[in-house]
Amino acid sequence: MTSGAPREEELDYSYMQRVKVYRLNENGQWDDKGTGHVSVEYMEQSDAAGLVVISEEDTSTLLIHRISREEIYQRQGADTIISWLDPEIGTDIALSFQEAVGCNYIWEQIQGVQSQSSRKGSSLRRVDEFDMSESKGEDECFQDSERNRAVDLPAPEMGNLPEIVKMLEVTSPFARDKVASCLMKKGYIRKLLDLFRTCEDLEDAEGLIMTYKIVRGMIMLNVGDIFDTLFQEDHVMDMVGALEYDPELPSKQNHRSWLRDVVVFKEVVPITDPAIVAKIHQTYRIGYLKDVILARVLDDGSFQTLSSLMLFNNVEVVLALQNDPSFFKELFNRLRSLEPSQTDWRDLIAFIQELCVLAKHFQAVHRAQLFTALIRNGLFNVLTVAVHAPDSATRLRCSDILLAGLQHDPSTLRNFLNHQPNHELFTSLVEGLLKPDEDGVQEQFLEILRMLLDPESMDQSVDKNMFLEVFYEEYIDQLVGALAQCLVPKQAPDGKQSTPTSATTLGLIIELLCYCVKHHSYRIKYYVLRNNVVEKVLKLTQRSEKFLVIAAVRFLRTCIGLKDEFYHRYLTKNNLFEPVITAFLTNGNRYNLLNSCVLELVEFIRRENIKSLIGHLVENFGDKFEKVDYVETFYQLKIRYEQQQDRSAAVGSTAGEVGPGSNRIGVTAGPAAGPGPLGVDMQVRRRGRDARSVDKDEEDYFSTEDDDDDDQGRGSGSRLGCLSGLVDYGEEEEE
């Protein structure tokens, strides 16, 4: 080790060469790290030869690099530059020499080191990497990883605390295991924690700061054995105490008093195994360290390791409780014996919720075993009561438990709902969706109903039909009935005035109806047509809340998106586009979400060429669309409508020429081909179309229709077969 004398007196510049140190940055530019003198030195800790650059301004260390045995060094710049890609830091380093002679000298020394074994005991000057790098960070001092360094920590004594701090702070990633091995020597960590107690008793502020840095450095090593030692029952409070003296905070923290006096461990059901209780305490302390004490300083690796320790502890605890034959029985017996208004009952529900949250991280086998044990002991019967709890926090926990069960296996809850007397839990879920709540319970119930109604997760057709029948026969009327109260209070039969449904509830109902329209095909379709559901939903366009108007448009778009002619005829027959178009025009030229939703709806109808809806929109709202000139959506819709009219006129006129007394064989040479009413009319129409700019959509439309005509006319090679292909009998019969 070097002495503490000033470096100016120690260093002899006669054998050093003047260089500039460069490092390649992320943008591909060379950063100048400073000017100094370079030499090849023997580094004691690495037991190897290396390049050392000392700044000529303040004698600080600019570079420490252990010479590699690999061929990574290159000569450049007229033999005055030596560069290499440092494999340890993944960055290009370059030394630019003032004189070519100095570059040659260092190059020869590098080659000599590469050709020989370790030069310990040679004439190279010895340096201490720790001492030379104490004033520089990683960006300014490029140290080698020192994989072969023989690490030996000083004895855990008061006088050695500064040196221990220095070694822990500058340890490279490759030396962590060796440092950790030294720390794990018998009693070393315990002695360090005893030094913390001594410093605290003596009120030694400087010593307390150093013990803080030592404990933090041990944690940042991110070694599992060290974590296990620090979190032992006889070590953990001393570790937490040392971390209370963070020099970056304005005052001492009180973590120990919080853990000892404020935090209360509740056993809702007594746990007889002391090892499991100790695991629970340890898990909480790990979380407190991770999320509170060292939240500012933990790196990603240490954070992930601590999170993994918590997960493994939780799995171990839950599996131990699950293997206890009496634990779950006692748990549910207590739930049945208490009232929902009691604090102990709410704590038991919170405990079940925590079990279900932890189960998400389990393997599938262990997760299935846990839910099977809970359901076997009457979980759903308990939740039937919990869903009516007076406090919203308990209802929210109940919804979390139901969601966790649905994510695991939806069939178990569906089977319970199907066979429960009076479908009490099912009724409670629907009523909970309709009941205004500010704590997110409604949204949770919506998600539960959506997962229950998902046909993709219904394996058996019998259960699927039974469950959907219950929903459509008993509950969907309640949802649609709430839409009837969306505008003004109505007089109830008993003389009382009913209040309108809240805006949030209406939005959630529309969400669920949209889901049903997308996934339930014929059941919801016939219900919508029989009960005028679309008309009731579109009453929301009269509400002042824009998100409800958009929800109504979204429901209409969902129905049209199915491209089902039943819906199309129903919409046109009842003129159900009128409230949407009215809301759109009332919105004016404001470019907002409502504007975009209606434009996308119209564009979808035009793009998919839904003829009945195109005709209905243009014929009933064409005059109003002409005023909307800031987009071409309605203009293109009108063009598409005119194309259909032209085609229909051409088909009708051509079909009229082929009567009972006409010459079918010579039909192409008949009046339709020459001057006459049809020929003149078609010429006029063609001129009218040519006057317009024909866009790509129009060309695609004609090419598509021609393909359809070819397919229809392939049945015969005669001219009569070609003519019959022009007549769309299917459309005429529907009309």
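Quick caveat: nothing in here was measured; it's all calculated off a predicted structure.
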*asked:* Give me each pair satisfying salt bridge (Lys or Arg N to Asp or Glu O under 4.0 Å) with a member in residues 92-115, each pair once, sequence neighbours excluded.
replied: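 Of all non-adjacent pairs touching residues 92-115, none passes salt bridge (Lys or Arg N to Asp or Glu O under 4.0 Å).
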_Considering only residues two or more places apart or on different chains, which pairs with a residue in residues 216-239 satisfy ring pair (Phe, Tyr, Trp, His ring centres under 6.0 Å)?_
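For residues 216-239: none.
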*Could you list the residues that satisfy side chain to side chain donor-acceptor pair (under 3.5 Å) with Glu26, not counting sequence neighbours?*
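Side chain to side chain donor-acceptor pair (under 3.5 Å) list for Glu26, sorted by chain: empty.
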Enclosure of [X] [atom1] (heavy-atom neighbours >12, cutoff 6.0 Å):
X: Lys518; atom1: NZ; answer: no
X: Tyr591; atom1: OH; answer: no
X: Asp300; atom1: CG; answer: no
X: Glu206; atom1: CD; answer: no

_Positive for side-chain hydrogen bond (donor to acceptor under 3.5 Å, both in side chains) with Asp246, one of Arg296, Gln253, Lys252, Arg216_ =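 Running side-chain hydrogen bond (donor to acceptor under 3.5 Å, both in side chains) over Arg296, Gln253, Lys252, Arg216 with Asp246 returns exactly one hit, Arg296.
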*How are the rings of His408 and Phe371 set relative to one another: parallel (under 30°), tilted (30 to 60°) or perpendicular (over 60°)?*
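Correct class here is parallel.
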*Please list, chain by chain and in numerical order, all residues satisfying side chain to side chain contact (heavy atoms under 4.5 Å, CB included) with Lys546, sequence neighbours excluded.*
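Partners of Lys546 under the side chain to side chain contact (heavy atoms under 4.5 Å, CB included) test: Asn587, Leu594.
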Under 3.5 Å, side-chain donor or acceptor atoms of residues 314-322 against the rest of the protein: list the pairs with distances, not counting sequence neighbours.
residue : atom : partner : partner atom : Å
Asn314  : ND2  : Met310  : O            : 3.1
Gln322  : NE2  : Gln369  : OE1          : 3.2

Check whether the side chains of [X] and [Y] place a donor and an acceptor atom closer than 3.5 Å, and report yes or no.
X: Tyr515; Y: Glu511; answer: no
X: Asp201; Y: Thr198; answer: no
X: Gln111; Y: Tyr73; answer: no

_Asp299 backbone acceptor or donor facing Ser302 side chain under 3.5 Å_ =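 Not a single qualifying donor-acceptor pair exists.
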*asked:* Taking Glu41's backbone N and O only, do any of them form a donor-acceptor pair with Ser39's side chain (distance below 3.5 Å, no angle check)?
replied: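 Judged by distance alone, no pair lies under 3.5 Å.
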To the nearest 0.5 Å, tell me how far [X] [atom1] sits from [Y] [atom2].
X: Glu157; Y: Leu192; atom1: CD; atom2: CG; value: 11.0 Å
X: Leu243; Y: Asp238; atom1: CG; atom2: CG; value: 11.0 Å
X: Arg450; Y: Asp454; atom1: CZ; atom2: CG; value: 10.5 Å
X: Thr91; Y: Asp86; atom1: OG1; atom2: CG; value: 7.5 Å

*Which is it for Glu233 and Arg285 under the side-chain contact (heavy atoms from CB on, under 4.5 Å) test, yes or no, and what are the steps along the way?*
CA-CA 11 Å; Glu233 192 67 28; Arg285 290 162 181 167; 3.1 Å; yes
*asked:* Please evaluate residues Leu309 and Leu306 with respect to the criterion side-chain contact (heavy atoms from CB on, under 4.5 Å), reporting the C-alpha separation (whole Å), side-chain torsions for both, the decisive distance (0.1 Å), and the verdict.
replied: CA-CA 5 Å; Leu309 288 175; Leu306 292 173; 4.3 Å; yes
*Between Arg554 and Glu600, does at least one N-O distance fall below 4.0 Å, as a salt bridge requires?*
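No, no charged N to carboxylate O under 4.0 Å.
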_Cationic N near anionic O, under 4.0 Å, Glu603 to Arg606_ =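 Here Glu603 pairs with Arg606 in a salt bridge, since their nearest N and O are under 4.0 Å apart.
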_Set out, in order, the CA-CA distance, both residues' side-chain angles and the distance that settles side-chain contact (heavy atoms from CB on, under 4.5 Å) for Leu183 and Thr229, then state yes or no._
CA-CA 10 Å; Leu183 290 171; Thr229 302; over 6 Å; no
_Contacts of type ring pair (Phe, Tyr, Trp, His ring centres under 6.0 Å), residue Tyr630, not counting sequence neighbours_ =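 For Tyr630 there are no ring pair (Phe, Tyr, Trp, His ring centres under 6.0 Å) partners, ignoring immediate neighbours.
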*Give the C-alpha distance, both sets of side-chain angles, the deciding distance and a yes or no for side-chain contact (heavy atoms from CB on, under 4.5 Å) between Leu153 and Met167.*
CA-CA 8 Å; Leu153 291 174; Met167 293 189 69; 3.8 Å; yes
